Amino acid sequence: MSETIPTEFLESNRAFLIAPAGYGKTYTIVSCAQKLSCEKPILILTHTHAGVAALKAKMSKQGVERDKYRIDTISGFIQRYVLSFYKQSDVGAQDERGFFANVLDKSLSLFIKPTIKHIVLESYSHLFVDEYQDCSKKQHELVEILARYLPTHLFGDPLQGIFDFREDPSVKFPDDFKNFQPFDFLRIPYRWMVNGNSAALGAKIKEYREILEINDAICIESDIESNFEVVCHNPITPANEQDVLYNPLRRKIKQLDTESILVIMPSFTQNGRRGLIEDRAKMLRRFDYEHKFNLVEAIDDKTYYQCAHDIDSLIEEITTSPLNVDYVKIKEKFEEISFDSQSLNMWFNSSGLISKRDADEKVFSDKLKLCCDKFFQDACARSFQELLLFFYQNNRRNIKRPDLARQVLKSLEYAVENNTSVYEAMVKTKNHIRRNGRKIYGKCFGTTLLTKGLEFDAVILLYADKIEDKRNFYVAISRACKNLIIFTESKQLSFRR
Amino acid sequence: MSKIYSLSIKNFRGIKEFNHVFGLENFIVLIGRGNSGKTTILQAINLVLSPTWNVGLSDLDFYDTDVTQPIEIEATITDFPKELLTDSKYGLYIRKIKDGQIIDDFLEEDDSSLVDALSIRFRVDSSLEPKWHVFCGRDESEPKEITANDRAKFNVFMVADYADNQFSFGRYSPLSALMKLSSAEGESVAQRLLEIVRKIHELTAENGSFNEVEGILETLKTDSSQLGLSLEQLKTAIEFKDNSISGNSIALHNGNIPYRRSGKGSKRLLSIAIQKQLTRTGGIVLIDELEQGLEPDRITNITRYLKSGLSGQIFVTTHSSYTLVEASYNNLFLMRERASNLISFTEDFQAVLRTQPEAFFAKKIICCEGKTEQGFVRGIDDYLKTTGRGSLSGFGVFPIDSKGGDKFIKEAKTFKNLGYDVYVVVDNDVEAIRDKLLSLDELSIPYTKYEIGGCLESQIIKDVPWNCIKKLVNCNLERFVDDVKRKLDVSDLDSSQESEFRDKFARLAKEKSLYKDIPGGEFLAEQVLPELTALGNDVVLKKNINTLLDWIKN
């Protein structure tokens, strides 16, 4: 990368670098860390553990000394301070509602204390905040406090600001940045210039970006040179969805000469909310018969915890009244773990287990009954694990949300090993994933929120005309490195925000 | 850097439980009788801030050798190196000092004016595996382990006679710490020492082989050449390996003699000089028995030297009254046996500290109104010794001369209030003083009770057996001049004249101040004490002396 970092930016005490996706923002952060020579480390904050992991990897790849920086999530950093000085009763327990908001509120009064300022100044020379567009107003308030005593550099892209929560809305550009000097010296879409990627597609996305920066509407047009295709289709109804959307989508996927494909389903409001996880699980089964796609899940989706909790309840219920053998309860749990009705109805009916005549089927149903009975005799994580594992291994293709089933199994395993409740085990499992990040690659089906920051050879965006926010549109298209295909009812897209 | 603000000790050696707040005092002189635990306090400080992990404790270091009760030493430090205040070190464990109290919750305070503090806990249980943690009193924070490297930043050094390594540049030596202080940024002590070792190598290399082993080399050369190996360059030299010659080999010498071979006093002085250099930039120096091997003038001098211009903190223990006289009251802390804290002094004590310094090292104090009394008490000491019943110092008793007037009242009260057992030996012949004696009763201070108008010698003259009177008048003290002797001639007296003579003798003794000095008092004791058995138990003199003897022994 050839752009030199302007001295003015390096030496600024309050700077905001606007860095479009794929323009070398992370590389710039690493270079800044290298170029700033200071005794104390630079504090680099971002939002997600995945972001922390990515930055760390880049730092060590570029050979930046470990003691020159410290990378953390914003909430991890402030929690460390707030929990050191406030009582638990001031902020509540970590799994309680409002915990993060409380911690953030307390941090606003904590970081203005001279003692805390002293500790921060002893600890760090600079503050960098990455993905700044994803900061909430309150987080921004905290950064403003820190910026009073630490030279502060913000990195982000307003056009990728897609996180927005009603209780604590995200920071708005440019109104919230009056105290920061804006920079935009990153002008070259490097990501598309490396070997194999499509420079022309990069240029196309840049062109669209420039339009979106000033407009809330855009007209999209196929461009073969740029490996960019707009599939304009008829309005979709429940009756024609297979023909109008899924079958053409299957054809496009087949045509693509890569294993790295991301299909994006935006979330929008139409006949109730669309694009939720159950919705996507259903859609996936209509275009991915071969089970080649991974359904990308939100790490903290509440059904994971609900499922774990419900297994605990069932175990407790059976332990307290052991004579009450009811196979339907097992069926309900399996349903919750997202086994499809086809697999469930094969072995269960409304009153319990179905007895099979077919020799092969009988072997299975006998074993299933054995597992169920074992569970009813001795209800515990281990017996449920055995039961679920048996059913899972024989119905792998009938799971709507494979990740959910996998995580439940993993939690059961952890609960057995460590003698905890399944719920606790799920919390541990999820924390582990959050800390260590997860790899999302290959063929994936997800939303912009879940795939932000990732790169795929090919991106197929569905329902483009239904997207309400141009930022979501930009995030979606800028994931593509080689091919971009957009399914839409209209080439003219207009966004509400 | 760093100062001990407060210290607490549990189950360590002779101390079951101990707490003391030293505040922001820089020069701390621990006084008290031997075995009271002064040295244990220094060792506790040395442990809790030890720069090494290997502190070599054994079962014997537990109080009462009871290993079921863990040893716990906690120190709260102020003025510590700033680098420890980062959030990845111990910044989030910061505490504050407010109005002499350590506080953990300062969110509602104006914290800019409060002093920063860090608390460190050393703990060792029956596993004998020591653990060091930084802790604070905020309920959510788990104590955080503190490494030996970080503890070394507190710069604690103990001056002890066995520590000859303080005269060489070993890893944890004060000299090497001094070198660190003078090193340029980024240059390590190890590097500089390595340079020295390189020089040694070069010097020996230039001189060729060592003659002493030349013969062997020649044989080797011949033998190997027969095997077809040519070793013309074979020679001996010091092998250059940075760990074969360490900082420990580079030591201070006085002329050609290693300094560690010097006399005790010289070693102590140089060692103190080295340590004081360290405290210039802050550090804690612990000196056990400051006076060891030093002459009185040097003790006085060194105390003055240490007292002045400190930016670090120095703890000394002493049994020397010279140190006591030289230090000011706020430097002094009294450790009493089995006490759970130290006694500090207020300005009121300054005079007594200067006039009666020795008394502070005793357990019990006899306040003598004047010289006769002091002499008499010394006589008691001799009597105890010659009759094999112990000695005053064996019982921890020290007599002080309050030099007349009613000064003894104030001194007695002072010592009593400090927790000493006090006995007052006083006459009963001054009316003004008689009333003041009542105030001693209020503090339960026992005192001699002679008959009204009586004093030691008059009570003796009144109560001793007749044959003893004869001994008293046959005194060969200088003041028993012929004139006096003539007046006290008892050779012709018969028993009917006894009481008349005793009165005359008493008057004369007072008039001529026959026993009003230390030798006089000693003489009285020497003559009178062996005669006590002959007296009845309710005789005033015997009652008084027996009460005093009982007090001394118990």
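Note that the structure is a prediction, hence the values are computed from the model and not measured. Convention: sequence-line order gives letters A, B, ...; per-chain numbering from 1.
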**Message:** Is Lys96(B) close to chain A through its backbone or its side chain, or both, or neither, when contacts mean heavy atoms under 4.5 Å?
**Reply:** side chain
**Prompt:** By a 4.5 Å heavy-atom criterion (distance strictly below it), what part of Tyr93(B) contacts chain A: side chain, backbone, both, or neither?
**Reply:** neither
**Asked** Would you say Lys10(B) has more than 12 foreign heavy atoms packed within less than 6.0 Å of its NZ?
**Response** no
**Prompt:** For Arg70(A), is it the side chain, the backbone, both, or neither that has a heavy atom closer than 4.5 Å to a heavy atom of chain B?
**Reply:** side chain
**Asked** Are any non-hydrogen side-chain atoms of Thr86(B) and Ile119(A) less than 4.5 angstrom apart?
**Response** no
**Message:** Main chain of Ser123(A), side chain of Asp87(B): is a donor-acceptor contact present, judged purely on distance under 3.5 Å?
**Reply:** no
**Message:** Looking at Glu65(A), I want to see if its CD is surrounded by more than 12 non-hydrogen atoms of other residues, nucleotides or ligands under 6.0 Å.
**Reply:** no
**Item:** More than 12 heavy atoms from other groups under 6.0 Å of CD on Glu8(A)
**Value:** no
**Prompt:** In Å, rounded to the nearest 0.5 Å, how long is the span from CD1 of Ile116(A) to CG of Leu107(B)?
**Reply:** 7.0 Å
**Message:** If you count every heavy atom of other residues, nucleotides or ligands that lies below 6.0 Å from Asn19(B) atom CG, does the total exceed 12?
**Reply:** yes
**Prompt:** Got a second to check how far Glu109(B)'s CD is from Thr115(A)'s OG1, nearest 0.5 Å?
**Reply:** 10.0 Å
**Heavy atoms from other residues, nucleotides or ligands near NE2 of His309(A) exceed 12 (cutoff 6.0 Å)** = no
**Request:** Name the region of Asp104(B), side chain, backbone, both or neither, that has any atom closer than 4.5 Å to a heavy atom of chain A.
**Result:** neither
**Asked** Would you say Phe85(A) and Leu92(B) make side-chain contact, with heavy atoms under 4.5 Å?
**Response** yes
**Request:** Hey, could you give me the OG/NZ distance between Ser112(B) and Lys113(A), rounded to the nearest 0.5 Å?
**Result:** 8.0 Å
**Fill in**
Bottom line for Leu121(A): the part with an atom under 4.5 Å from chain B's heavy atoms is neither
**Message:** Has Lys82(B) got a side-chain atom pairing as donor or acceptor with Glu122(A)'s backbone, closer than 3.5 angstrom?
**Reply:** no
